[in-house]
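Numbers restart at 1 for each chain; the letters A, B, ... are given by sequence-line order, proteins then strands.
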2 protein chains.
Amino acid sequence: MTQRRIAELAGVSQAAVSLVLSGRTDTTTRLSDATRQRVLDVLHETNYEADPAARSLAGKSNNIVGVFTYESAFPAEASDFYAPLLTGVESAAEELGADLLMFTSSRTHDGPRRLLREGSRLRLADGCVLLGRHMDAGELARLVELEYPFVAVGRRDGDARVPYVGADYASAVGELVDLAVARGHTKLTYAALPFDAESTRDRLAGFVAATRKHGVSSRVVTRSSGEAEKLARDVDVHGSTVVFVEDPVEADRLVAHIESEGRAVPRDLSVVALGEHARRDEAARDVTRLVAPRTALGAEAVRLLARIMSGEVDESIETRVLLPCSIVEGSTLADRR
Amino acid sequence: MTQRRIAELAGVSQAAVSLVLSGRTDTTTRLSDATRQRVLDVLHETNYEADPAARSLAGKSNNIVGVFTYESAFPAEASDFYAPLLTGVESAAEELGADLLMFTSSRTHDGPRRLLREGSRLRLADGCVLLGRHMDAGELARLVELEYPFVAVGRRDGDARVPYVGADYASAVGELVDLAVARGHTKLTYAALPFDAESTRDRLAGFVAATRKHGVSSRVVTRSSGEAEKLARDVDVHGSTVVFVEDPVEADRLVAHIESEGRAVPRDLSVVALGEHARRDEAARDVTRLVAPRTALGAEAVRLLARIMSGEVDESIETRVLLPCSIVEGSTLADRR
DNA sequence: CGCTGCTGATGATACGCATAATCACATGAG
DNA sequence: CTCATGTGATTATGCGTATCATCAGCAGCG
């Protein structure tokens, strides 16, 4: 079913059909209400929808949002991370009446997925949301140069032209420090992940700023996962009463380790996690922690992308958004007053 | 970057570029190795990729697999059901080098999602995988008539022309009956869901065939969810020693109810579930059950779709596939010998 | 030399849509 | 009556690609 067929059925020209569909009512393009109605009737009868390929070729957008994940998104291992994001992406897309084009094809034989290898398969989508912990800065820069509309999920301050929607870890970590200080803690240890990701820097910055503000004693150690024992010793040496553990899994491990030594959390040591893993064991301790608004991140990224695509990027639009994290008070931060 | 630009750079015509890209070597379309190489060089330098929209318009496919879910796919409530399916879909698509177009836009204000409302947004995909418990038979029939390539996940025997990949529930239920009989059970009750879905009929058929084969006493009751108590009474009246519960959640409830009455499972009553819910509480009883190969279903559906799309549907291809379920022996089926 | 057959490449066209340019016609003013 | 004006529709064109038909050139052969 094409516009030409519709036109024949309605006894008009193809152009007339296109005009009716576009809904424009300029002075340059005029149609009488009668013919307009005739065309509309046929359109309705036939359930016609314009061929998106042809629309695209003619320079129109199709309400298709691209989704690029730097790893496979659905498998159980990855789904903890991606599922809430995709939930938000999907619901925002649904609100916008947009479909999602997931670029699953871009796996290179060994390395991570690469976006630009895809060439212009990208162009089928009107814009693209980028998900993943480890994005290639070079690719982001090339996307900017191509003037391809996209939004990264997660803070990406490296290139000032990269639009992103991220979680405001700094503030949330600051709040947790406030809470610890309010409860009488004056010696704090921060256990950082040995990554150099944006979010890692962000959390640490929040910690440093807040401890400085309160003038409390703080110390930062960098620890790989699985070193709960070493971490516990580090803390003891410093004499901290609370540890801020960046990796939530590691926080659980630390709690388990402390308790396995016959000490108690938070009586002997308080533990705060700067994140949350989805597969939290229901039976595990309710660790005091921050929770990133993952579903909101996905949804907001799509909405921002929609704004960018609609051409409203007249400087007035803020293309770098931080959403607040929430705090779960939990039961592992003692009151030392 | 277009073929015309490539052509200018290589000093040939646009048609030549297209011919090189197509890789054909007919007698009707000839290019000297020299020019071919020249074009290839330019193509390589520029990282050119054909515009999928134009390709599509010119009648070519784009390696895009459509995915239609009859409900939102990612939210936690639905993700139990969809996540494993999508995992399979994604990995098979990745193997095929295909991208996934997810039709999230087709929500009607109240009712379920409708596929054909989408009109030809569908056509951007070369074919489509349909996921969901409740598909509209009319829509499937229309898709067949449109000769649009698609594959349904889940048995759909209503219309003989509908290709599907489903789980072989009948055989698996039969095996479970075999197991129960082998363990000395002679009076069996089947608690069916009050739906008229294909899979429901399939499971019941397997039960009926197997009990008939063994010549044991069987009885079928239809029970809505949440009626564990009534179900338990039904079973007692009949004097069955084992209940086959179609709804896995209901099976858990039944076990809990029996035990709350001071009776034991499987000592006083055996319970077999004809399915598995993903959110199984780790602490809950390890119910004897069958497990549908959901990830395999998704992957196989995409592979079948790929075969259909490539035009190999010369009757020789089986477009209706049943994959075997696996059996988890669990601990709720007693040995009565 | 004229014809055929072959090779290597190009021109033309269609795909379905959006849109600028154009046209037919009626109406009113001069 | 003629010309400007406005209205309602159509024609023409371009988007980028695939492909068929065509063409120029050249060699072989009678």
Participant: When all nucleic acid strands are considered with a 4.0 Å heavy-atom cut-off, which category describes B/Thr35: base, sugar-phosphate, or nothing?
Facilitator: sugar-phosphate

Participant: Can you name the nearest heavy-atom pair linking B/Gln3 to B/Tyr48, along with the distance?
Facilitator: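 B/Gln3 and B/Tyr48 have their closest heavy atoms at CG-OH, 3.1 Å.
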
Participant: Give the dot-bracket line for DNA chain D from 5' end to 3' end: parentheses for intra-strand Watson-Crick or G-U pairs under 3.5 Å, square brackets for crossings, | for inter-strand pairing, dots for unpaired.
Facilitator: ||||||||||||||||||||||||||||||

Participant: Nearest of D/dC20, C/dG8, D/dA18 to any side-chain atom of B/Leu21?
Facilitator: D/dA18

Participant: With rounding to the nearest 0.5 angstrom, report the CZ to CZ distance, A/Arg155 to A/Arg320.
Facilitator: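 Between atom CZ of A/Arg155 and atom CZ of A/Arg320 there are 8.5 Å.
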
Participant: Is there a side-chain contact between A/Thr295 and A/Leu85 in this structure, where contact means two heavy atoms from C-beta onward sitting under 4.5 Å apart?
Facilitator: no

Participant: Output the rounded distance in Å from CG (B/Leu124) to C1' (C/dC15).
Facilitator: 14 Å

Participant: Give, for atom CG of A/Asp157 and atom OH of A/Tyr164, the distance between the pair rounded to the nearest 0.5 Å.
Facilitator: 4.0 Å

Participant: Which residues pass the side-chain contact (heavy atoms from CB on, under 4.5 Å) test with B/Ser61, not counting sequence neighbours?
Facilitator: B/Asp126

Participant: Is there a side-chain contact between A/Thr319 and A/Arg307 (heavy atoms, below 4.5 Å)?
Facilitator: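 With C-beta onward as the side chain, the pair stays apart.
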
Participant: Within the 4.0 Å heavy-atom criterion, would you say B/Ser32 contacts the bases, only the backbone, or no part of the nucleic acid?
Facilitator: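 Answer is sugar-phosphate: B/Ser32 comes under 4.0 Å of backbone atoms only.
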
Participant: What is the distance from CD1 of B/Ile6 to C1' of C/dT10, rounded to the nearest Å?
Facilitator: 18 Å

Participant: Can you measure A/Glu49 atom CD to C/dG16 atom P for me and round it to whole angstrom units?
Facilitator: 16 Å

Participant: So, are B/Arg142 and B/Glu139 salt-bridged, with charged N and O less than 4.0 Å apart?
Facilitator: no

Participant: How many whole angstroms separate atom NZ of B/Lys60 from atom P of C/dA14?
Facilitator: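 Nearest whole value for this atom pair: 18 Å.
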
Participant: Show the distances under 3.5 angstrom between N or O atoms of the protein and N or O atoms of nucleotides 10-13 of chain D.
Facilitator:
residue	atom	partner	partner atom	Å
D/dT10	OP1	A/Ser13	N	3.2
D/dT10	OP2	A/Ser13	N	3.0
D/dT10	OP2	A/Ser13	OG	2.6

Participant: Would a 4.5 Å heavy-atom cut-off, applied to side chains only, mark A/Leu124 and B/Ile64 as touching?
Facilitator: yes

Participant: Rounded to the Å, how far apart are B/Glu8 CD and C/dT10 P?
Facilitator: 13 Å

Participant: What is the separation between atom CG on B/Asp33 and atom P on C/dG8, rounded to the nearest whole Å?
Facilitator: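 Distance check: B/Asp33 CG to C/dG8 P gives 8 Å.
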
Participant: How long is the gap from CE on A/Met135 to OH on A/Tyr70, to the nearest 0.5 Å?
Facilitator: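 Answer rounded to 0.5 Å: 6.0 Å.
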
Participant: Please write out each protein N/O paired with an N/O of nucleotides 14-16 of chain D under 3.5 Å, distance rounded to 0.1 Å.
Facilitator:
residue	atom	partner	partner atom	Å
D/dC15	O2	A/Leu57	O	3.3

Participant: Applying salt bridge (Lys or Arg N to Asp or Glu O under 4.0 Å), name anything that partners B/Glu198, two or more places apart in sequence or on another chain.
Facilitator: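 For B/Glu198 the salt bridge (Lys or Arg N to Asp or Glu O under 4.0 Å) partners, ignoring immediate neighbours, are B/Arg201.
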
Participant: Taking side chain to side chain donor-acceptor pair (under 3.5 Å) as the definition, give me every residue that meets it alongside B/Ser199, ordered by chain and number, with sequence neighbours left out.
Facilitator: B/Arg203

